[in-house]
Novice: 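Structure below; questions to follow.
On a predicted model such as this, the values are computed, not experimentally measured, just so you know. In the text below, chain A, chain B and the rest are named by the order of the sequence lines, each starting its count at 1.
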Amino acid sequence: MTVVTRFAPSPTGPLHIGGARTALYAWLYAKRHGGQFILRFEDTDRERSAETYARSILESMAWLGLHHHQGPLYQSQRMPRYHQVVQQLMAAGLAYHCYCTPQELDEMRAAQRQRSEKPRYDGRCRQRTAPRPGVPPVVRFRNPPDGEVVFDDLTKGTIVVANTELDDLILVRSDGQPTYNLCVVVDDLDMGVTHVIRGEDHVINTPRQINLFAALGAHPPRFAHVPLIMGADGKPLSKRHAAVDTLAYREQGYLPQALLNYLFLLGYSVGDQERFTLQEMADVFDLARVHRSSAVFDPKKLLWLNHQYIKESSPDLLAPLLLEHLAQRGCVPSAAPPLPAVVSIQQERCKTLAEMADKSLFFYAPPAGYAPKATERYFLQPHAARLLAAMSQQLAELGEWSQPEIARAIHQAATSFQLTLADVAQPLRLALSGDTVSPPIDATIYWLGRDEALQRLNAALVFLQSQAGGSAARSTAC
RNA sequence: GUCCCCAUCGUCUAGAGGCCUAGGACAUCACCCUUUCAAGGUGGCGACACGGGUUCGAAUCCCGUUGGGGACGCCA
């Protein structure tokens, strides 16, 4: 039997990070067993579904690299089939018209709650034969009145639910639109889905769907329900805790491999192994080993993982991604240094590509100003101007423009000025980048290039001169 | 409230009755390295929710309590 799994989001929002994990697990299971992975949009709620969300979900899946073999399928395009099934159920007496109004149902539930009962449809229209004038009916499924539904959830184990706990679910709305519970069953059946892997919020739907499969004379697929993802406070993950839109992670400079790796670990483990490629995940994936309890989303560990991937990725691979993030910041590198070179000296110190872009902007644009505190500490020193001037001259006269030669010049300056290396490097950083944080100063100078480095040093010297006059002027003014 | 599910460091987890003085990772703290920031290295802090059983022996099996989550829609 060929394994067929599916991911079936409703396009009522972007791809939630929890949905992404469910999709990953479904994808892995198919991959593991050489099966098929279907992407299907459950867009039966015409009010809330939107094409833009479907596109966003598609983009998320593509970014993650979770490619589907079939689809994307849209339930909204399968209406005739659903109505055909409803006809069949009606004819067999397995479904019936219900004329209760929403208001009546509300009252019924309120009364049930008052009696400490579980609110559910009491089946009052089950025996009705005559229509109720002026009230468009819904179609309800005639759920078995007694007995119990038992199913082996592939991750949660055996689950038993009494039929008395299940009410007659609505198959078709009063406006003629079929509902989720009908469509999933028909689709999973028609599409030959063998393994339904979905969020835990669907466990209670499962026995009802199993009854529906039975009514249709079909064997249900196997089910596996994966726990939900929580925020730091133990509440379901929401925008309050972290970004929940998958694409937001791309914008923030995360690598899909890192996100996938993190999501995989959030509910699955293989001994002490922390790092997995998609292939490695697929090789070990087993639904029975998916954890049964929900996990808390920890942005810090995701960040750490992302950093690991950034550190180990090839600069050539990261360069185009860095380019995008630079472009978003209005920076379009035209001259040196080459992007891969920037990546190679930044990847060790940047946890995201966004951070890398922020910290690399100075390579392509001279500082617009100098950090005030750093200025005070490193520029407003008696020797600052002499030091910068000396460095400027040394660099200008350097025979070979290489990192070791530049380093040598810096060491010489430290010796002749009787300064520590840090006291030479910091003013240089400030002059070149506008602040005191950069990759190693020799590498920074080297990749900036001789002309650019000299220009910036000279600009800093001009600034120092203006400060000398300016601060005196200010002190008299105050 | 009713039904279903779950329970090891702050977080993700290892753990299938003796290998557990409970292991790893993130975070955190200290130190080392150091040209800033990082990275790296070394070490520290830190958990079996509680109560009963079963057993020679329980983090591991059973029951209960507590706590958490899910569901209870003409949403999916």
Novice: Please check the phosphate of B:C12 (OP1 and OP2 only) for any side-chain N or O of A:Lys300 closer than 4.0 Å.
Specialist: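 No, outside the criterion.
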
Novice: Counting any heavy atom closer than 4.0 Å, what does A:Val160 reach on the DNA or RNA strands: base, sugar-phosphate only, or nothing?
Specialist: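 Sugar-phosphate, backbone atoms only, no base.
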
Novice: Just N and O in the side chain of A:Arg109: are any of them under 4.0 Å from OP1 or OP2 of B:G73?
Specialist: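 Yes, A:Arg109 has a side-chain N/O under 4.0 Å of OP1/OP2 on B:G73.
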
Novice: Please classify the nucleic acid contact of A:Asp442 as base, sugar-phosphate, or nothing, using heavy-atom distances under 4.0 Å.
Specialist: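 Result for A:Asp442 = base.
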
Novice: Taking 4.0 Å as the cut-off, does a side-chain nitrogen or oxygen of A:Thr179 come that near to OP1 or OP2 on B:G73?
Specialist: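 Indeed not, no polar side-chain atom of A:Thr179 lies that close.
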
Novice: Tell me whether the side-chain N/O atoms of A:His291 come closer than 4.0 Å to OP1 or OP2 in B:A14.
Specialist: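 Result: yes.
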
Novice: Check every strand shown and say whether A:Thr436 touches a base, only sugar-phosphate, or nothing at a heavy-atom separation below 4.0 Å.
Specialist: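 Touches a base.
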
Novice: Parallel, tilted or perpendicular: which describes the rings of A:Phe223 and A:His225, with under 30° parallel and over 60° perpendicular?
Specialist: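 Ring orientation of A:Phe223 relative to A:His225: parallel.
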
Novice: State which residue, out of A:Ile441, A:Thr415, A:Ile410, fulfils the side chain to side chain contact (heavy atoms under 4.5 Å, CB included) condition with A:Leu421.
Specialist: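 With A:Leu421 as partner, side chain to side chain contact (heavy atoms under 4.5 Å, CB included) holds for just one option, A:Ile410.
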
Novice: Which part of the nucleic acid, if any, lies within reach of A:Glu200 when heavy atoms closer than 4.0 Å are counted: base, sugar-phosphate only, or nothing?
Specialist: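 Contact class for A:Glu200: sugar-phosphate only.
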
Novice: Both distances below 3.5 Å, Watson-Crick or wobble geometry, any strand: find the nucleotide opposite B:A25.
Specialist: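 Pairing partner: B:U11.
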
Novice: Nearest to the side chain of A:His307, which nucleotide is it out of B:A39, B:C12, B:U11?
Specialist: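 So the side chain of A:His307 is nearest to B:A39.
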
Novice: Counting just side-chain N and O atoms, does A:Arg292 come under 4.0 Å of either OP1 or OP2 of B:U13?
Specialist: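 For B:U13, neither OP1 nor OP2 has a side-chain N or O of A:Arg292 closer than 4.0 Å.
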
Novice: State the pairing partner of B:A76; accept Watson-Crick or G-U wobble contacts with both distances under 3.5 Å, and report none otherwise.
Specialist: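 Partner of B:A76: none found under 3.5 Å.
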
Novice: OP1 or OP2 of B:A39 sitting under 4.0 Å from any side-chain N/O of A:Lys351?
Specialist: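 For B:A39, OP1 or OP2 has a side-chain N or O of A:Lys351 closer than 4.0 Å.
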
Novice: For the side chain of A:Arg120 and the base of B:U2, is some donor closer than 3.5 Å to an acceptor across the two?
Specialist: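 Side chain to base: no pair below 3.5 Å.
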
Novice: Nearest to the side chain of A:Arg173 - B:C75, B:U2, B:A25?
Specialist: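 Ranking B:C75, B:U2, B:A25 by closest atom to the A:Arg173 side chain puts B:C75 first.
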
Novice: State whether the distance check finds a donor on one side and an acceptor on the other, under 3.5 Å, for side chain A:Asn205 versus base B:A76.
Specialist: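 It does, because a donor-acceptor pair links the side chain of A:Asn205 to the base of B:A76 below 3.5 Å.
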
Novice: For a quick test of reading the model: is some side-chain N or O of A:Ser269 closer than 4.0 Å to OP1 or OP2 of B:A14?
Specialist: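 It does, given that an N or O in the side chain of A:Ser269 lies less than 4.0 Å from OP1 or OP2 of B:A14.
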
Novice: Between B:G51 and B:G67, how far apart are the P atoms? Round to whole Å, please.
Specialist: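 Straight-line distance between the two P atoms is 16 Å.
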
Novice: Determine the contact category for A:Glu42: base if any of its heavy atoms lies under 4.0 Å from a base atom, sugar-phosphate if only primed atoms, P, OP1 or OP2 are that close, otherwise nothing.
Specialist: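 Sugar-phosphate contact only - A:Glu42 comes under 4.0 Å of backbone atoms but never of a base.
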
Novice: Heavy atoms under 4.0 Å, any strand shown: does A:Gly199 hit a base, just sugar-phosphate, or nothing?
Specialist: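 It contacts nothing in the nucleic acid.
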
Novice: A:Ile159 vs A:Asp152, test: side-chain contact (heavy atoms from CB on, under 4.5 Å). Steps then yes/no.
Specialist: CA-CA 6 Å; A:Ile159 292 176; A:Asp152 274 314; over 6 Å; no

Novice: Indicate, with a heavy-atom threshold strictly under 4.0 Å, whether A:Ile441 touches base, sugar-phosphate, or nothing.
Specialist: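 Base, at least one base heavy atom under 4.0 Å.
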
Novice: Does B:A71 have OP1 or OP2 sitting under 4.0 Å from an N or O in the side chain of A:Lys118?
Specialist: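 No, no such contact exists.
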
Novice: Would you indicate what A:Thr420 reaches in the nucleic acid, counting non-hydrogen atoms under 4.0 angstrom: base, sugar-phosphate, or nothing?
Specialist: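 Touches nothing.
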
Novice: Is the A:His202 to A:Tyr180 ring centre distance short of 6.0 Å?
Specialist: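 Ring centres of A:Tyr180 and A:His202 closer than 6.0 Å.
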
Novice: Quick one: label A:Pro9 by what it contacts on the DNA or RNA (base, sugar-phosphate, nothing), any heavy atom closer than 4.0 Å.
Specialist: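 No contact.
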
Novice: Using a heavy-atom cut-off of 4.0 Å across all strands, would you classify A:Val138 as base, sugar-phosphate, or nothing?
Specialist: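 The answer is base, as A:Val138 lies within the cut-off (heavy atoms under 4.0 Å) of a base atom.
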
Novice: Is a side-chain donor-acceptor pair under 3.5 Å present for A:Asp187 with A:Tyr82?
Specialist: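 Side chains of A:Tyr82 and A:Asp187: pair found under 3.5 Å.
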
Novice: Over 60° means perpendicular and under 30° means parallel, so classify the ring planes of A:Phe264 and A:Tyr25, tilted if in between.
Specialist: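 A:Tyr25 and A:Phe264: perpendicular rings.
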
Novice: Where the side chain of A:Arg48 is concerned, which of B:U35, B:G24, B:G73 is the nearest nucleotide?
Specialist: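 For A:Arg48, the side-chain atoms sit closest to B:G73.
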
